[in-house]
Protein chains: 2
Amino acid sequence: MKNVDMREPTFMVLAALANGRKHGYALIGEAGELSNGRVKLKVGTLYAALDRLQSQGLVASAGEEVIDGRLRRYYELTDSGAMLLEDEVSRLEGNIRQAKARLRLRAAAGRVS
Amino acid sequence: MKNVDMREPTFMVLAALANGRKHGYALIGEAGELSNGRVKLKVGTLYAALDRLQSQGLVASAGEEVIDGRLRRYYELTDSGAMLLEDEVSRLEGNIRQAKARLRLRAAAGRVS
DNA sequence: CGACCATAGTCAGTCTGTCGATATATATCG
DNA sequence: CGATATATATCGACAGACTGACTATGGTCG
């Protein structure tokens, strides 16, 4: 197992694609929803991430359509992308479990809020 | 709320300090435990993170001792460091909740796992 | 004695993601 | 018509984290 070290925007892209194919621009909105408006994906970040993830085989293109004269290029998560996302999720879960346990000890020991 | 964008080693340092002061070298071991041996902190990473976190007021030095003729320099989490770690934890929790929900849909919708 | 562990650091370099700016095209709203 | 929103995409620059290699000292083990 290699080091993943995924940043938030990248995580958002994968997560947004986890429930079905989407086109690039739509991901910007999805990332906003996923994070309660915290993360506003920038286009530069988005397409760079998409390229990178494709070259790593985590995301694949999934057809194009023309809607109202505007091109939409779709992307989907590959199986390997889904697996990576799952791994990342469990890794994070483990980390936060530990962090919370320790924070609880700290709160118990030192009171205050 | 600003963008934190913390990487794993940094997170580990904060989490390891959350339940009480520790000296630098001890953090290497702690990080290993915290992550089931996944993360092996490098000294360079460690002291760089410690410096950075101190300059951000998230970690403070907490005295020194000489044990068996060897110097130990202790560090502790500041209140503001603890708050940041809490924020980071909730942020991650939200992210993984969403990601898991979407991964579930994907599994339900389609093929294999 | 020499090797090795514990403990403290420093520093130059690398990597890589993210950002901001820029460009292009169409549809729509006022 | 011009602005704005949808949609695509590229590119250079920047910041920051991480790594690897190095130095140093005091124990301990063989």
Side-chain angles (χ1 to χ4, degrees), chain A residues 2-17 21-33 35 38-56 58-59 61-75 84 88 95, chain B residues 2-17 21-33 35 38-56 58-59 61-76 84 88 91 95:
Chain A
K2 56 190 60 170
N3 225 18
V4 194
D5 196 21
M6 195 181 303
R7 312 263 245 291
E8 199 170 29
T10 302
F11 182 92
M12 286 302 172
V13 169
L14 292 182
L17 285 175
R21 67 168 204 162
K22 302 210 172 49
H23 60 102
Y25 201 78
L27 294 173
I28 295 175
E30 285 278 313
E33 281 180 40
S35 63
R38 260 201 6 271
V39 178
K40 171 98 182 80
L41 275 188
K42 310 298 155 56
V43 288
T45 307
L46 172 65
Y47 289 107
L50 250 12
D51 285 351
R52 186 177 5 110
L53 293 170
Q54 276 187 96
S55 82
Q56 294 168 187
L58 305 171
V59 162
S61 43
E64 339 191 318
E65 278 177 31
V66 175
I67 307 280
D68 283 329
R70 291 190 212 92
L71 178 66
R72 285 184 177 180
R73 190 156 285 157
Y74 287 87
Y75 299 91
L84 183 93
E88 174 74 359
N95 286 170
Chain B
K2 55 190 60 170
N3 226 15
V4 193
D5 196 23
M6 195 182 303
R7 312 263 249 286
E8 198 169 30
T10 302
F11 182 93
M12 286 304 173
V13 170
L14 291 182
L17 286 175
R21 65 170 205 162
K22 304 211 168 48
H23 60 101
Y25 202 78
L27 293 173
I28 295 175
E30 284 279 312
E33 282 180 38
S35 63
R38 263 201 3 271
V39 178
K40 172 97 182 81
L41 276 187
K42 312 296 157 55
V43 288
T45 307
L46 172 66
Y47 289 108
L50 248 15
D51 284 352
R52 184 173 9 106
L53 293 170
Q54 277 187 96
S55 81
Q56 294 167 187
L58 304 172
V59 162
S61 43
E64 340 191 317
E65 278 178 30
V66 175
I67 307 278
D68 283 328
R70 294 190 210 90
L71 178 66
R72 286 184 175 179
R73 189 157 285 157
Y74 287 87
Y75 298 91
E76 68 186 357
L84 184 93
E88 174 76 359
R91 186 178 67 96
N95 286 171

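Hydrogens, waters and symmetry mates are skipped; everything else that's a heavy atom, side chains included, is used. Each chain gets a letter, A, B and so on, in the order its sequence line appears, and its residues count up from 1.
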Any side-chain N or O of [X] below 4.0 angstrom from OP1/OP2 of [N]?
X       : N      : result
A:Arg52 : C:dG17 : yes
B:Tyr75 : C:dG9  : yes
A:Thr10 : C:dT18 : yes
A:Lys42 : C:dG20 : yes
B:Thr45 : D:dA17 : no
B:Tyr47 : C:dT10 : no

Answer with yes or no whether A:Arg70 presents, from its side chain, a donor or acceptor under 3.5 Å of a partner atom in the base of C:dT26.
yes
Just compare [options] and give me whichever is closest to any side-chain atom of [X].
X       : options               : result
B:Arg72 : D:dC18, D:dT8, C:dT7  : C:dT7
A:Tyr25 : D:dT6, D:dA9, D:dA21  : D:dT6
B:Val43 : D:dA17, C:dA21, C:dG9 : C:dG9

In whole Å, what is the span from the [atom1] atom of [X] to the [atom2] atom of [N]?
X       : N      : atom1 : atom2 : answer
B:Leu58 : D:dG16 : CG    : P     : 14 Å
B:Ile67 : D:dG27 : CD1   : C1'   : 13 Å
B:Leu53 : D:dG16 : CG    : P     : 13 Å
A:Gln54 : D:dT8  : CD    : C1'   : 13 Å
A:Lys40 : C:dC19 : NZ    : C1'   : 13 Å
A:Glu8  : D:dG16 : CD    : P     : 17 Å
B:Leu46 : D:dG20 : CG    : P     : 15 Å
B:Arg7  : C:dG17 : CZ    : P     : 9 Å

Could you check whether any side-chain heavy atom of [X] comes within less than 4.5 Å of a side-chain heavy atom of [Y], counting everything from C-beta outward?
X       : Y       : value
B:Leu27 : B:Leu50 : yes
A:Asn95 : B:Met12 : yes
A:Met6  : A:Leu14 : yes

Grab the two heavy atoms, one from A:Thr10 and one from A:Arg52, that are nearest each other, plus how far apart they are.
OG1-NH1, 3.4 Å
Take A:Pro9 and A:Gly69, find for each the nucleotide of DNA chain C with the closest heavy atom, and name the residue whose nucleotide sits nearer the 5' end.
A:Pro9
Report the residue from A:Val13, A:Leu41, A:Val39 that forms a side-chain contact (heavy atoms from CB on, under 4.5 Å) with A:Glu8.
A:Val39
Students often get this wrong, so: under 4.0 angstrom with heavy atoms, is A:Gly44 touching a base, only sugar-phosphate, or nothing?
base
What nucleic acid atoms does B:Arg73 come within less than 4.0 Å of, heavy atoms only: base, sugar-phosphate, or nothing?
sugar-phosphate
Please answer whether the main-chain N or O of A:Ala62 pairs with a side-chain N or O of A:Arg21 as donor and acceptor at a distance below 3.5 Å.
yes
